[in-house]
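Each remark here refers to the structure printed beneath this line.
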Amino acid sequence: PPRSTLFPYTTLFRSILTRQVSADERLDVERLAGQLKSSPSAVQYALTRLVTENLVIRGDRGHVVKPLDVATSNAVHDARMAIELGVAEMTVGQLSRDQLSGLRRLAQATVDVLGRDDPDGIAAYARANQEFHRFLVATAGVDALSGVYEQLSIADLISRALRTPDEIEGILAREHLDLVQAYDRADRDGVREVIIRHTAHAKQTQQRGIERARSEERRVGKECRSRW
């Protein structure tokens, strides 16, 4: 698509991830076109794409931002776990030295990004985390599995639920290294245990972020109502 078409999409995408647009807020095409100085057709393209990415839903009120709830987050992480457990059955003891080296490098990157003051904040960790899990799934060599993983949009979930890297416990990144070590030992049971444990910790982290965001939204809502 031309740049003039992509601008509304990228702007709305970032606004949703950074919570500049509230959950359940109605997205009116004409109003957004005026605000973004774009054509209604470009805004319509953006909203349609955001629907496919599960960030926006279309119902009786038109397009609205899809609220991020704990159940949705848990379901997505459970889906990733199912994929990775299946990958483990296919790949433990089968990875090449280059694949293990690549996996170790990406695991260490998730640890490193939490250990520095990255200007991109939570987005930097979300990208590093996505690259690690993407590489892990890709070791199976099954394009369909990789395609399903991409559709989960875990990085977007992290960016929506969390605000700063401080909300991410270091154990999440260290578990990436634990997983690589289990792969290096060709320990299938160990790999499965780390995947299951890591999923539980990821879900807990997301839940805390979502509940914190809801509390903040309620507080802001009360302040706004009190002004009126």
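Below, all heavy atoms of this structure are taken into account, side chains as well, without hydrogens, waters or symmetry copies.
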Going by heavy atoms in the side chains, are Leu50 and Leu12 under 4.5 Å from each other?
-> yes
Determine whether Val191 and Arg188 make a side-chain contact, defined as any pair of heavy atoms from C-beta on separated by less than 4.5 Å.
-> no
Quick one: pull up [atom1] in [X] and [atom2] in [Y] and give me the separation to the nearest 0.5 Å.
X: Arg134; Y: Thr139; atom1: CZ; atom2: OG1; answer: 14.0 Å
X: Arg192; Y: Ile195; atom1: CZ; atom2: CD1; answer: 8.0 Å
X: Arg80; Y: Leu157; atom1: CZ; atom2: CG; answer: 9.5 Å
X: Leu179; Y: Leu103; atom1: CG; atom2: CG; answer: 6.5 Å
X: Gln206; Y: Glu211; atom1: CD; atom2: CD; answer: 11.5 Å
X: Leu32; Y: Ser38; atom1: CG; atom2: OG; answer: 9.5 Å

Step by step, work out the ring-ring contact (aromatic ring centres under 6.0 Å, His included) result for His198 and His133.
-> CA-CA 12 Å; His198 181 65; His133 288 278; 5.4 Å; yes
Test item: [X] side-chain N/O and [Y] main-chain N/O as donor-acceptor pair under 3.5 Å:
X: Ser73; Y: Asp69; value: no
X: Thr72; Y: Leu68; value: no
X: Glu89; Y: Gly86; value: no
X: Thr91; Y: Gln94; value: no
X: Ser39; Y: Ala42; value: yes
X: Thr11; Y: Phe7; value: yes
X: Glu167; Y: Arg163; value: yes

Evaluate the side-chain contact (heavy atoms from CB on, under 4.5 Å) criterion for residues Arg104 and Asp184: first the C-alpha distance (whole Å), next the side-chain angles of each, then the deciding distance (0.1 Å), finally the verdict.
-> CA-CA 10 Å; Arg104 186 176 295 105; Asp184 206 22; 3.4 Å; yes
Are [X] and [Y] grouped together when hydrophobic residues (ILVMFWY) are joined by side-chain heavy atoms under 4.5 angstrom apart?
X: Leu177; Y: Leu100; result: no
X: Ile158; Y: Leu114; result: yes
X: Val65; Y: Val43; result: yes
X: Ile83; Y: Leu106; result: yes
X: Val194; Y: Tyr149; result: yes

Verdict with reasoning, Ile57 to His63, per side-chain contact (heavy atoms from CB on, under 4.5 Å) = CA-CA 6 Å; Ile57 55 178; His63 290 93; over 6 Å; no
For Phe132, enumerate each residue passing the ring pair (Phe, Tyr, Trp, His ring centres under 6.0 Å) test, keeping only those at least two apart in sequence or located in another chain.
-> His176
Can you list the residues that meet the salt bridge (charged side-chain N to carboxylate O under 4.0 Å, His left out) rule with Asp28, with sequence neighbours excluded?
-> Arg26
Looking only at non-hydrogen atoms, find the nearest pair between [X] and [Y] and report the distance.
X: Leu55; Y: Arg160; value: CD2-CD, 3.7 Å
X: Pro8; Y: Ala46; value: C-CB, 3.9 Å
X: Leu162; Y: Gly209; value: CD2-CA, 3.8 Å
X: Ala182; Y: Gly190; value: CB-C, 3.9 Å
X: Val76; Y: Ile154; value: CG1-CD1, 3.3 Å
X: His77; Y: Ala202; value: CD2-CB, 3.6 Å

Step through the shown structure and confirm whether more than 12 heavy atoms of other residues, nucleotides or ligands are within 6.0 Å of CZ on Arg61.
-> yes
Return yes when atom CZ of Arg14 has more than 12 non-hydrogen atoms of other residues, nucleotides or ligands closer than 6.0 Å, and no otherwise.
-> no
Which is it for Glu169 and Arg208 under the side-chain contact (heavy atoms from CB on, under 4.5 Å) test, yes or no, and what are the steps along the way?
-> CA-CA 12 Å; Glu169 295 181 3; Arg208 285 194 296 270; 3.3 Å; yes
Hey, is Asp112 close enough to Arg105 for a salt bridge, meaning N to O under 4.0 Å?
-> no
Intermediate values then yes/no, side-chain contact (heavy atoms from CB on, under 4.5 Å), Ile122 and Thr164 = CA-CA 5 Å; Ile122 195 67; Thr164 69; 6.0 Å; no
Side-chain H-bond candidate by donor/acceptor type, Glu53 with Tyr9, under 3.5 Å = yes
Taken in chain and number order and not counting sequence neighbours, the residues that satisfy side chain to side chain contact (heavy atoms under 4.5 Å, CB included) with Glu193 are Arg197
